[in-house]
Number of protein chains: 2
Amino acid sequence: MSRSDDIRAAALELFTRRGYEATTMADIGAAVGIRGPSLYKHVASKQDLLAQIMTATMAELLALHQAAVASSDDPTERLRRAAEAHVRYHARHRLEAFVGNREIRSLTEPHRGKVLALRAEYEACFRELIHAGVAAGRFHVTSARLASYAVLDLGMGVATWYREDRELSEDAVVWQYSEFTLRLVGACQPS
Amino acid sequence: MSRSDDIRAAALELFTRRGYEATTMADIGAAVGIRGPSLYKHVASKQDLLAQIMTATMAELLALHQAAVASSDDPTERLRRAAEAHVRYHARHRLEAFVGNREIRSLTEPHRGKVLALRAEYEACFRELIHAGVAAGRFHVTSARLASYAVLDLGMGVATWYREDRELSEDAVVWQYSEFTLRLVGACQPS
DNA sequence: GATCCCGGCTAATGCCCATTAGCCACAGCG
DNA sequence: CGCTGTGGCTAATGGGCATTAGCCGGGATC
């Protein structure tokens, strides 16, 4: 289904640049070289397009997170890898991440609940990771909740300003930001 | 002009919750107890409402920043105060900050340029602050640009999740987050 | 008391949009 | 060669929206 994929990609691009509400089916059609109504031969609705993008994004993010934290038992190392996965995803798939974060309010109810649940689960994972580090005396923060918000927000910020063609490589950003994360939770000695 | 202020406040609330595109003039009118068309006795247009909100927000943020950094010569103290002002604004005026960050793409051209210029100026201030600290050997980051993005994103994140009625007081968030900022740039010894 | 204007209202206006209906070309298959 | 299904098109449907026009009550001003 190359056509459907093209359409999803075009929609993603437009949702990112203009927002869901400001994007019309005609716009999406034009981006793949057909008229608006023809899109309905490939997708159920505009809303469905958004739902597909957002659920796939959250599922992928969660899967990457699970894989990252499964690779170590050390709290610091687990958080580092989780932060790396988080930042790398937000850099590499910045369109998906951007839309995933900003268009939740445009999702209608059967889907919004699911996406919010996945997001809450993701947030809880980070909070738990930080909590474990604090309990082990490895991190030093007064509020694990606040620290987890901070760490998550760092990644989301990457999705807003990162561009592939800058002087900053993906690896550079990932490395720096996971360093920021560890400093933030007080896991690092100053180098 | 209490009425105009009420309208701006209602628009701000709705733009935050539903987004600019998804908010109708009728919605805004209903929020202040009148019909949509009657709003035009008080405001020029929906777009003008957004422009007023966004330019006022950026101007206020910049003014607070200037006041904060003017109060010290020490790089660490200047960054701390700038971060405090940044976070405090994003907590106390979270609606304004939220809309200011998310609806830039809904602003049409005469205004968007101005708001983007103000925002660029604000970002440059932080970058300069961090650069100065690095030059003085007080901060330790490989990229002042990256660090400034991180610091700014932290504040913007606050505007997305902060609520006045939580267990976390404004001061608690401000203090924690400015601590995060200083740790992030490597200005803190681990305590 | 007449006038004026402020701030409401309802009813257009003109447009845009998502989605549906119904048509057609054509490619692959029998 | 005919059939069928795929994927395009245009036209219609039904609705919503920002904005404008034009009306009106009522309080302030003279």
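Sequence lines set the chain letters: A, B, ... in the order given, protein chains first and strands last, and positions in each chain run from 1.
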- Expressed in angstrom and rounded to an integer, what is the separation of B:Tyr40 atom OH from C:dA12 atom P? 19 Å
- Message: Without decimals, in angstroms, what is the distance between A:Leu49 CG and C:dT19 C1'?
- Response: 14 Å
- Centroid-to-centroid, A:His86 to A:Tyr122, below 6.0 Å?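 Yes.
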- Using a 4.5 Å cut-off on heavy atoms from C-beta on, say whether the side chain of B:Leu14 contacts that of B:Arg17.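 Yes, at least one pair of side-chain atoms sits under 4.5 Å.
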- Strand contacts (DNA chain C) in residues 103-115 of chain A, 4.0 angstrom heavy-atom criterion: none
- Message: I need the residues from residues 11-20 of chain B with at least one non-hydrogen atom less than 4.0 Å from DNA chain C; give them sorted by number, or say none.
- Response: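 Contacting residues: none.
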Do the charged groups of [X] and [Y] touch, with an N to O distance under 4.0 Å?
{"X": "B:Arg18", "Y": "B:Asp27", "answer": "yes"}
{"X": "A:Arg92", "Y": "A:Glu164", "answer": "no"}
{"X": "A:Glu109", "Y": "A:Arg112", "answer": "yes"}
{"X": "A:Arg81", "Y": "A:Glu84", "answer": "no"}

With no hydrogens and no angle check, is any side-chain donor or acceptor of [X] less than 3.5 Å from a backbone partner on [Y]?
{"X": "B:Thr181", "Y": "B:Tyr177", "value": "yes"}
{"X": "B:Tyr20", "Y": "B:Arg105", "value": "no"}
{"X": "A:His140", "Y": "A:Gly186", "value": "yes"}
{"X": "A:His90", "Y": "A:Val158", "value": "no"}

- Query: Does one hydrophobic cluster hold both B:Leu152 and B:Val174, with members joined at side-chain heavy-atom distances below 4.5 Å?
  - Reply: yes
- Message: Hydrophobic cluster membership, with links at side-chain heavy-atom distances under 4.5 Å among I/L/V/M/F/W/Y: are B:Phe98 and B:Val115 in one?
- Response: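 They do not share one cluster, since no chain of ILVMFWY contacts under 4.5 Å joins B:Phe98 to B:Val115.
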- Message: Does anything in residues 148-161 of chain A form a side chain to side chain donor-acceptor pair (under 3.5 Å)? List the pairs, not counting sequence neighbours.
- Response: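 Counting only pairs at least two positions apart or across chains, the side chain to side chain donor-acceptor pair (under 3.5 Å) contacts touching residues 148-161 of chain A are A:Arg145-A:Tyr149, A:Asp153-B:Trp161, A:Trp161-B:Asp153.
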- Give me the ring orientation class for A:His65 and A:Phe126: parallel if the planes are under 30° apart, tilted from 30 to 60°, perpendicular past 60°. tilted
- Which residues in residues 21-32 of chain A have at least one heavy atom lying under 4.0 Å from any atom of DNA chain D? none
- Compute the bend angle of the helix from C:dG1-D:dC30 to C:dG30-D:dC1 from the end axes (five pairs per end), rounded to 10°.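 Its terminal axes enclose an angle near 10°.
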Which atom pairs link the protein and nucleotides 8-11 of chain C when you take only N or O atoms and keep those under 3.5 Å?
{"residue": "C:dG8", "atom": "OP1", "partner": "B:Arg3", "partner atom": "NH1", "Å": "2.3"}
{"residue": "C:dG8", "atom": "OP2", "partner": "B:His42", "partner atom": "NE2", "Å": "2.6"}
{"residue": "C:dG8", "atom": "N7", "partner": "B:Lys41", "partner atom": "NZ", "Å": "3.0"}
{"residue": "C:dG8", "atom": "O6", "partner": "B:Lys41", "partner atom": "NZ", "Å": "2.4"}
{"residue": "C:dC9", "atom": "OP2", "partner": "B:Arg35", "partner atom": "N", "Å": "2.7"}
{"residue": "C:dC9", "atom": "OP2", "partner": "B:Ser38", "partner atom": "OG", "Å": "2.6"}
{"residue": "C:dT10", "atom": "OP1", "partner": "B:Arg35", "partner atom": "NH1", "Å": "3.3"}
{"residue": "C:dT10", "atom": "OP2", "partner": "B:Arg35", "partner atom": "NH1", "Å": "3.3"}

- Task: Give the C-alpha distance, both sets of side-chain angles, the deciding distance and a yes or no for side-chain contact (heavy atoms from CB on, under 4.5 Å) between B:Arg8 and B:Val43.
- Result: CA-CA 9 Å; B:Arg8 257 192 302 278; B:Val43 299; 5.6 Å; no
